[in-house]
Asker: 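Sharing a structure below in structure tokens format, with a few things to ask.
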Amino acid sequence: MRIATWNVNSLKARLPRVLEWLEMAQPDVLCMQETKLADDQVPALDFEALGYTVLHHGEGRWNGVAIASRCGIDGHASGFGDIEDPYVGDARLVAATCDGVRIVCVYVPNGRAVGTDTYERKLAWLHRLREWLETHHSPDQPLVVGGDFNVAPEDRDVYDPAAFEGATHVSEAERKRFEALKEWGLVDAFREIYDSDRLYTWWDYRAGHFHKHLGMRIDHILVTEPVRARLRYALVDRNARKGEKPSDHAPLFVDLAD
DNA sequence: ATGGTAGCGCTGCTA
């Protein structure tokens with residue numbers, strides 16, 4: 001079973017690239033973030049033509065999350081439900097069960113700048129995510145949280161820690177909230193496979209950062225122990241960041257044994 | 001030199 005996550009930065013603008021990637025990489029499940037679509041704007045037929053069913057949660061313009069699956073998609077859920085959402089109104093969480101694995105697709109708020117209100121609510125959102133997991137799920141069940149976490153967990157996950165001093169994505173508080181998710185019972189699947197630094201999932205569009213390989217590892221696939229036991233492979237497909245009209249994120253996927 | 005690019009949508013916000 002191949003499970004992928006990709007911040008597509010507008011599914012409308014990125015549709016040809018996403019369809020091309022589905023055909024090439026053949027994931028069974030793809031979590032998408034920043035679709036920037038309303039539910040009724042989703043190009044469902046384009047996905048169906050490739051064998052995928054899409055579950056979308058979005059209000060249009062900003063945010064928007066979706067799961068495309070070709071191995072079943074049941075038990076739809078979106079948002080935090082009864083748990084207070086610090087970004088209420090934004091579409092940042094959608095979940096479904098695909099072939100026995102609970103898939104949670106998240107788009108963690110960016111936070112903009114340390115000390116701002118949006119940053120404080122980013123911290124709160126990450127805390128609420130753990131609360132939501134505690135309320136609705138168990139570390140004993142096969143579960144995957146895939147998405148754009150907007151957190152680089154360690155210094156080796158950014159191109160130059162000095163350049164990010166005082167910035168979001170690397171602050172102690174953000175990393176603590178990210179660690180708290182792992183403490184609940186999740187493992188960073190990518191780090192189970194790779195130990196190197198300079199492995200990124202996002203590169204700024206500006207100033208030729210991709211070309212200079214100045215990026216950050218902020219997209220993650222976190223898995224519970226039953227999924228970790230099946231983990232065989234992980235990869236960031238940097239080729240998807242090249243060429244015409246790329247997203248600023250590359251897709252990340254994991255392969256699980258049957 | 002507080003820059004640079006992309007998306008949405010038409011003004012400036014978000015990332």
Side-chain angles (χ1 to χ4, degrees), chain A residues 5-21 31-43 46 56-66 85-94 105-126 129 146-153 157-160 162-171 173-175 177-178 200-220 236-252:
Chain A
T5 183
W6 194 4
N7 180 323
V8 297
N9 187 15
S10 170
L11 185 52
K12 188 182 169 194
R14 213 67 57 216
L15 188 62
R17 297 295 305 255
V18 171
L19 297 175
E20 172 191 53
W21 193 78
C31 298
M32 288 172 277
Q33 301 84 37
E34 278 203 86
T35 63
K36 299 185 179 179
L37 295 179
D39 292 343
D40 61 4
Q41 299 175 301
V42 175
D46 289 302
H56 185 270
H57 175 51
E59 326 291 341
R61 185 143 199 200
W62 289 309
N63 318 306
V65 282
D85 187 342
Y87 273 79
V88 68
D90 284 11
R92 297 183 175 276
L93 186 151
V94 68
C105 171
V106 297
Y107 176 42
V108 177
N110 176 286
R112 294 186 210 168
V114 174
T116 60
D117 168 67
T118 52
Y119 171 80
E120 292 302 327
R121 287 189 290 128
K122 174 185 190 176
L123 297 180
W125 199 94
L126 283 162
L129 176 58
D148 178 358
F149 285 76
N150 273 316
V151 176
D157 297 316
V158 302
Y159 66 86
D160 179 9
F164 286 90
E165 214 167 298
T168 56
H169 298 62
V170 300
S171 74
E174 286 162 278
R175 286 174 170 175
R177 299 302 188 287
F178 183 79
Y200 310 131
T201 64
W202 172 87
W203 299 260
D204 200 310
Y205 281 124
R206 298 169 286 188
H209 275 204
F210 179 73
H211 178 71
K212 298 180 218 162
H213 198 56
L214 306 177
M216 305 176 85
R217 194 175 72 90
I218 56 175
D219 301 87
H220 308 293
V236 176
D237 184 4
R238 288 177 51 236
N239 285 322
R241 180 62 176 77
K242 302 173 184 171
E244 204 148 310
K245 283 177 78 71
S247 169
D248 44 354
H249 296 251
L252 160 69

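Here is the naming used below: chain letters follow the sequence lines, and residue numbers restart at 1 for every chain.
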Asker: For the backbone of T5(A) and the side chain of H249(A), can you confirm whether one donor and one acceptor N or O come within less than 3.5 Å of each other?
Answerer: no
Asker: Run through R217(A), R175(A), H220(A) and flag the one making a side chain to side chain donor-acceptor pair (under 3.5 Å) with D157(A).
Answerer: R217(A)
Asker: Looking at every non-hydrogen atom in both residues, tell me the closest pair between Y200(A) and W203(A) and how far apart they are.
Answerer: O-CH2, 3.3 Å
Asker: Between dG7(B) atom C1' and R17(A) atom CZ, what is the distance in whole Å?
Answerer: 16 Å
Asker: In whole Å, I'd like the distance from the NZ atom of K12(A) to the C1' atom of dG7(B).
Answerer: 10 Å
Asker: Does Y159(A) have any ring pair (Phe, Tyr, Trp, His ring centres under 6.0 Å) partners at least two apart in sequence or in another chain, and if so, which?
Answerer: F164(A), H209(A)
Asker: Give me, pair by pair, the N or O atoms of the protein and of nucleotides 13-15 of chain B that are less than 3.5 Å apart, along with how far apart they are.
Answerer:
from    : atom 1 : to      : atom 2 : distance (Å)
dT14(B) : OP1    : R112(A) : NH2    : 3.3
dT14(B) : OP2    : R112(A) : NH1    : 3.2
dT14(B) : O5'    : R112(A) : NH2    : 3.4
dA15(B) : OP2    : R112(A) : NE     : 3.2

Asker: For dA6(B), take OP1 and OP2 only and decide whether either is under 4.0 Å from a side-chain N or O of S10(A).
Answerer: no
Asker: Tell me which donor-acceptor pairs under 3.5 Å the side chains of residues 11-21 of chain A have, and how far apart each pair is, sequence neighbours excluded?
Answerer:
from   : atom 1 : to      : atom 2 : distance (Å)
R14(A) : NE     : V8(A)   : O      : 2.7
R14(A) : NH1    : K245(A) : O      : 2.8
R14(A) : NH1    : P246(A) : O      : 3.4
R14(A) : NH2    : N9(A)   : O      : 2.8
R17(A) : NE     : E20(A)  : OE1    : 3.4
R17(A) : NH1    : K242(A) : O      : 2.9
R17(A) : NH1    : E244(A) : O      : 2.6
R17(A) : NH2    : A240(A) : O      : 3.2
R17(A) : NH2    : K242(A) : O      : 2.9
W21(A) : NE1    : D237(A) : OD2    : 2.7

Asker: In whole Å, measure the gap between the C1' atoms of dG4(B) and dA15(B) for me.
Answerer: 13 Å
Asker: Could you tell me how far apart R241(A) (CZ) and dT5(B) (P) are, to the nearest whole angstrom?
Answerer: 13 Å
Asker: If you look at every heavy atom in N150(A) and Y107(A), which pair is closest and at what distance?
Answerer: ND2-CE1, 3.9 Å
